[in-house]
6 protein chains.
Amino acid sequence: MRTRQVASGPESIESAYDEALAGPGTLLAAVEAEREGADAVVIDCMGDPALEAARERLTVPVLGPGQTGMHMAALLGHRFAVLAVLPRLTSRFEAAAARYGLASALASVRAVDVPVLAIESAGDELVARMTEQAVAAVREDGAHVLLLGCTGMIGLAERLRPALDAAGLDGVPVVDPVPATVQVAAGLVRAGLRASGLSYPPPPRKRYLGVPVA
Amino acid sequence: MRTRQVASGPESIESAYDEALAGPGTLLAAVEAEREGADAVVIDCMGDPALEAARERLTVPVLGPGQTGMHMAALLGHRFAVLAVLPRLTSRFEAAAARYGLASALASVRAVDVPVLAIESAGDELVARMTEQAVAAVREDGAHVLLLGCTGMIGLAERLRPALDAAGLDGVPVVDPVPATVQVAAGLVRAGLRASGLSYPPPPRKRYLGVPVA
Amino acid sequence: MRTRQVASGPESIESAYDEALAGPGTLLAAVEAEREGADAVVIDCMGDPALEAARERLTVPVLGPGQTGMHMAALLGHRFAVLAVLPRLTSRFEAAAARYGLASALASVRAVDVPVLAIESAGDELVARMTEQAVAAVREDGAHVLLLGCTGMIGLAERLRPALDAAGLDGVPVVDPVPATVQVAAGLVRAGLRASGLSYPPPPRKRYLGVPVA
Amino acid sequence: MRTRQVASGPESIESAYDEALAGPGTLLAAVEAEREGADAVVIDCMGDPALEAARERLTVPVLGPGQTGMHMAALLGHRFAVLAVLPRLTSRFEAAAARYGLASALASVRAVDVPVLAIESAGDELVARMTEQAVAAVREDGAHVLLLGCTGMIGLAERLRPALDAAGLDGVPVVDPVPATVQVAAGLVRAGLRASGLSYPPPPRKRYLGVPVA
Amino acid sequence: MRTRQVASGPESIESAYDEALAGPGTLLAAVEAEREGADAVVIDCMGDPALEAARERLTVPVLGPGQTGMHMAALLGHRFAVLAVLPRLTSRFEAAAARYGLASALASVRAVDVPVLAIESAGDELVARMTEQAVAAVREDGAHVLLLGCTGMIGLAERLRPALDAAGLDGVPVVDPVPATVQVAAGLVRAGLRASGLSYPPPPRKRYLGVPVA
Amino acid sequence: MRTRQVASGPESIESAYDEALAGPGTLLAAVEAEREGADAVVIDCMGDPALEAARERLTVPVLGPGQTGMHMAALLGHRFAVLAVLPRLTSRFEAAAARYGLASALASVRAVDVPVLAIESAGDELVARMTEQAVAAVREDGAHVLLLGCTGMIGLAERLRPALDAAGLDGVPVVDPVPATVQVAAGLVRAGLRASGLSYPPPPRKRYLGVPVA
């Protein structure tokens with residue numbers, strides 16, 4: 001597995017605005033990854049920027065941790081909650097669940113209120129906030145499964161685990177979306193599957209002005 | 001009302017790929033329109049590219065003819081059908097209706113199979129194909145209202161009218177999405193309304209690399 | 001724009017019972033309005049009494065502020081709340097949202113508990129109650145847009161605005177349903193549109209006993 | 001069981017217009033039935049005119065064959081179809097199923113195209129048309145249960161039965177809505193149940209002008 | 001009406017595990033009931049174990065109090081709540097409502113936290129807990145109708161009634177599912193109806209190993 | 001990976017009746033598999049018999065190819081179709097999609113009309129029928145992805161591929177549910193995940209009569 005940095009766009013993705021500006025750069029990085037021989041592409045952002053565009057343009061499987069993580073969370077229990085970084089993303093996750101046909105499986109979105117770029121340095125404080133929101137999602141919203149709401153939270157499922165166990169939520173799975181999506185991507189490659197060409201047909205050729213044509 | 005050409009992006013928008021590449025340029029044009037004193041911004045594409053991003057970034061009302069046209073069509077009757085340019089857009093319109101919370105009002109999407117750039121020259125042939133699909137949408141899919149599925153079809157509602165009347169569909173309204181959306185935009189301006197700042201809060205400031213920062 | 005008083009029925013509409021008794025009189029007033037040359041008819045009650053009946057009977061556009069206000073509110077943000085006059089109307093608004101295909105956009109209905117006929121004299125007290133419920137709708141129910149739930153509240157959006165701003169809800173639009181519906185009606189007239197003749201075909205002629213046949 | 005004729009309104013109910021004009025008279029008849037000691041009231045029209053109003057006004061159980069018949073049909077199989085009298089009622093039944101929370105159980109509505117008042121004299125011709133539509137509902141729309149769509153069709157389930165059996169649909173139940181609703185009403189009376197006072201609270205007292213105050 | 005004890009399986013049904021193990025025994029008891037001349041079979045458990053299997057295998061009507069009770073509750077008001085015995089059953093009732101197409105009518109599930117076998121001896125304590133949860137379901141969850149969530153609660157509706165009245169919930173119907181289902185079953189028998197043979201066709205004959213072939 | 005034969009129950013599963021009788025035996029086999037050290041259990045039937053019961057009883061991940069296959073199919077495109085063995089299973093798959101929260105992603109269920117036990121010997125004839133139904137699902141029902149509807153069809157995706165390619169459906173993925181589910185199970189094991197203990201808590205201990213207590 002190889003990670004490729006997106007060369008243009010915002011330094012983090014926390015809004016529809018960021019997502020729109022991240023689109024072309026993400027697409028370009030996906031095209032280059034395929035050109036260099038990637039068997040599959042996983043977009044490293046829960047907003048799944050350029051997911052559909054990349055599926056149209058590439059011939060290898062393309063997955064987003066937003067969509068894939070939600071399906072995995074739905075598979076593991078009655079309803080899931082998303083632990084988002086910022087309150088402003090709550091309605092975006094709700095809209096994403098509707099777009100992915102999973103609205104009935106979403107119990108709630110709860111925000112820890114820490115910007116993406118501050119996750120790395122947030123340490124124990126972040127884990128404490130995540131635990132607090134996780135407990136509320138279970139006790140008040142009826143969530144049975146938790147989904148980390150930012151790919152920058154990678155690895156935090158392990159640190160959240162003991163805190164959840166201590167809070168009596170030892171039976172509640174925490175889905176870390178990027179590893180989960182990488183597993184699904186690997187499975188698709190082994191099975192020779194990619195997203196449907198009817199849902200994502202190759203884009204018609206045409207002239208593009210002023211964009212890093214991918 | 002003033003029209004502003006988007007300076008960068010694809011020459012037409014017919015895929016998720018085109019939409020992703022059209023995003024930044026559309027956003028830039030919207031920002032410039034506001035800067036030049038526009039009271040409201042209407043995005044001229046049924047895919048509503050950068051709609052949410054522009055709502056976050058601008059302080060004037062921003063509307064897309066996809067979302068607004070669907071609401072107007074839903075208001076006028078039991079179920080509506082979209083007359084799309086290309087078959088590949090069928091599932092995209094279905095997904096848009098779900099995203100906009102209007103899935104139950106969408107009877108069907110039917111394609112006339114004419115690329116966007118060929119609409120202008122398609123003439124009577126296009127009207128004939130649109131009539132054929134409109135009749136099928138009503139008779140076979142239960143549509144009671146029609147929504148033109150491409151903003152390049154502007155003005156064709158009038159040419160479609162006599163053909164529909166001749167086919168016995170004289171009671172079926174045809175929504176021309178751009179004029180309809182302009183009317184709604186004007187109404188919002190008069191009422192002092194714009195989209196919710198909770199749904200579309202201003203984007204957090206941060207560094208952007210290699211994008212025409214809007 | 002002209003206002004026409006309904007000559008028969010209840011003095012206010014606050015129940016299914018009132019709506020049923022308001023039907024024939026509303027219908028008669030709508031027919032007379034059309035006869036006198038109205039370009040469009042807007043029914044002045046959030047329960048939209050006789051809306052479908054009037055659409056069948058008239059040839060000009062007929063709109064109800066319940067349906068139209070909900071579509072406008074849905075267009076402006078993720079989810080909207082209705083500020084109703086009485087608690088007993090909560091389930092009626094929920095049922096209306098389902099009937100209009102907008103259930104997923106309705107965050108909640110909250111009642112200020114003031115009868116329709118007391119609105120005019122309620123003054124600051126009413127605005128205070130509306131603000132309280134509006135804040136609760138946003139903070140507890142996730143509403144991003146507010147819809148006034150009684151046409152007798154006309155003009156109160158302006159008085160609510162400063163109170164909402166003071167409560168930190170300055171980005172939350174308040175839809176005043178009658179003016180919003182009048183704007184949409186004007187737009188439909190300009191576009192030559194009316195509700196679908198397939199959804200609302202002219203009623204079959206027959207004998208009517210003891211009703212003010214409209 | 002006693003039948004009471006509604007004294008004012010249309011001679012048959014085939015439109016939203018008819019329903020609006022039938023409301024007050026139906027309500028009055030229901031009030032009188034209760035006054036004369038009825039244990040329960042069943043409204044004799046699939047459009048359930050004044051159902052909610054009567055539930056608010058009366059203290060005995062009130063049922064409509066539209067709502068009750070749909071619940072019974074949904075109970076008996078995967079999806080049901082309604083055999084309506086007129087094509088114009090198709091969208092009205094679809095809207096009713098949504099209003100009653102049963103949209104996912106409705107396979108289709110199919111019309112035999114015979115006006116209500118012609119049912120009695122239609123005889124074998126009507127049964128033949130009903131059979132034809134029933135077969136289409138099962139074969140083409142996936143219906144597993146049939147619901148007669150007009151209370152004027154009472155008793156026709158028995159005549160439809162042999163024709164359906166001959167067509168190979170012997171396992172398909174046909175719900176005759178009025179008898180089915182009377183059974184449910186009797187069961188509610190025995191159990192001491194009526195519709196919820198929270199959903200249908202008594203209407204606030206007020207002045208009514210020009211209506212046969214019920 | 002006759003009651004038949006199921007000869008094999010768990011002593012009470014409180015989990016998916018119990019339901020799976022109760023299936024064959026329930027089926028066998030249903031087959032025997034039909035063989036002995038029963039006109040209809042009502043399964044005495046809110047989980048409706050073996051309901052669909054029995055419908056396939058028997059020729060008389062088979063009803064489950066879970067499905068039938070939910071339909072009756074939905075018929076009586078805007079939304080209903082289930083009073084379950086154990087918290088672990090909450091998500092199972094939510095899933096059942098979805099499976100029966102009644103998700104939009106379910107306000108909430110609230111548990112009294114008393115095991116099935118302790119119901120009989122719980123006495124006043126149980127009624128107090130049920131009242132407490134019923135009040136919360138109405139006040140906090142918007143329930144307008146209550147459905148007893150365990151067939152072991154039979155008869156408790158009558159004891160709950162005065163407590164609810166005292167709490168100001170005198171208009172809230174309480175559906176006791178077994179009597180309600182028996183009433184519906186009797187109505188179906190009178191009408192000559194049973195569940196659809198298309199939804200529940202007779203099972204294909206084949207070899208069965210080690211099961212009490214029913 | 002190891003396969004374990006279920007010791008009691010029907011020789012194939014083609015009805016609700018078969019599923020009910022297969023429950024205890026499947027559960028017993030799952031328990032034994034865990035006891036012998038299995039890291040995860042995949043139930044080898046698209047009806048997912050005893051899935052929830054086994055999740056309650058076991059501590060390792062348990063997956064069913066019905067639920068998992070539907071999630072994978074939904075992940076790969078706009079809508080999927082199930083290729084079922086028998087027409088009678090159509091409504092069962094529709095009900096399963098609703099139960100799993102994936103109803104909006106299901107385009108259709110189409111049956112090849114070959115009993116489970118005849119699959120192995122059906123050969124080219126079976127592939128021809130599957131191709132025919134697959135083409136119809138895509139052309140008539142709008143399916144973009146196909147899901148094999150019986151685990152006995154294992155390996156047939158490969159044989160179907162060239163036939164679909166020849167029919168112009170080369171972009172349509174075919175999900176072979178057992179291998180796909182095994183991949184997901186392996187991924188869950190690697191990630192240390194299992195289904196939620198809140199959705200599937202261990203069953204309460206109690207007495208069981210006449211069942212192979214698992």
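Note on naming: letters A, B, ... go to the chains in the order of the sequence lines (proteins, then strands), and numbering restarts at 1 for each one.
For a residue to count as touching a neighbouring chain, one of its non-hydrogen atoms must lie under 4.5 Å from one of that chain's; by this rule C:L89 does not touch chain D. Contact of C:P202 with chain D is made through the backbone alone, with heavy-atom distances under 4.5 Å. For a residue to count as touching a neighbouring chain, one of its non-hydrogen atoms must lie under 4.5 Å from one of that chain's; by this rule C:T26 does not touch chain D. Residue D:A22: no heavy atom, backbone or side chain, is found under 4.5 Å from chain C. With a 4.5 Å cut-off on non-hydrogen atoms, C:E11 touches chain D through its backbone and its side chain both. For a residue to count as touching a neighbouring chain, one of its non-hydrogen atoms must lie under 4.5 Å from one of that chain's; by this rule C:R92 touches chain D with the side chain only. In this structure, no portion of C:A96 lies under 4.5 Å from any heavy atom of chain D. Only the side chain of C:R99 comes within contact range of chain D, with heavy atoms under 4.5 Å apart.
A salt bridge links C:E32 with C:R4; the closest basic N to acidic carboxylate O contact falls under 4.0 Å. C:R110 has no carboxylate O lying under 4.0 Å from a charged side-chain N of C:E132, or vice versa, which leaves the two without a salt bridge. Residues C:D141 and C:R79 are not paired through a salt bridge, judged by the lack of any N-O separation under 4.0 Å between the basic side chain and the carboxylate.
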Could you walk me through whether D:Y200 and C:Y17 pass the side chain to side chain contact (heavy atoms under 4.5 Å, CB included) test, one step at a time?
-> CA-CA 9 Å; D:Y200 310 102; C:Y17 183 77; over 6 Å; no
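With contacts defined as side-chain heavy-atom distances shorter than 4.5 Å, the pair D:M70/D:F93 qualifies. Annotation: side chain of C:V175 is not in contact with side chain of C:L148 (no heavy-atom distance under 4.5 Å). Looking at heavy atoms from C-beta onward, C:P204 lies in side-chain contact with D:R88 at the 4.5 angstrom threshold.
Heavy-atom pairs under 4.5 Å with chain D were tallied for C:A95, C:G9, C:P49, C:A20; the largest tally goes to C:G9. For the options C:S8, C:G23, C:A7, C:G210, heavy-atom pairs under 4.5 Å to chain D are most numerous at C:S8. Per-residue counts of heavy-atom pairs under 4.5 Å with chain D were compared for C:G25, C:A53, C:P87; the largest is that of C:A53.
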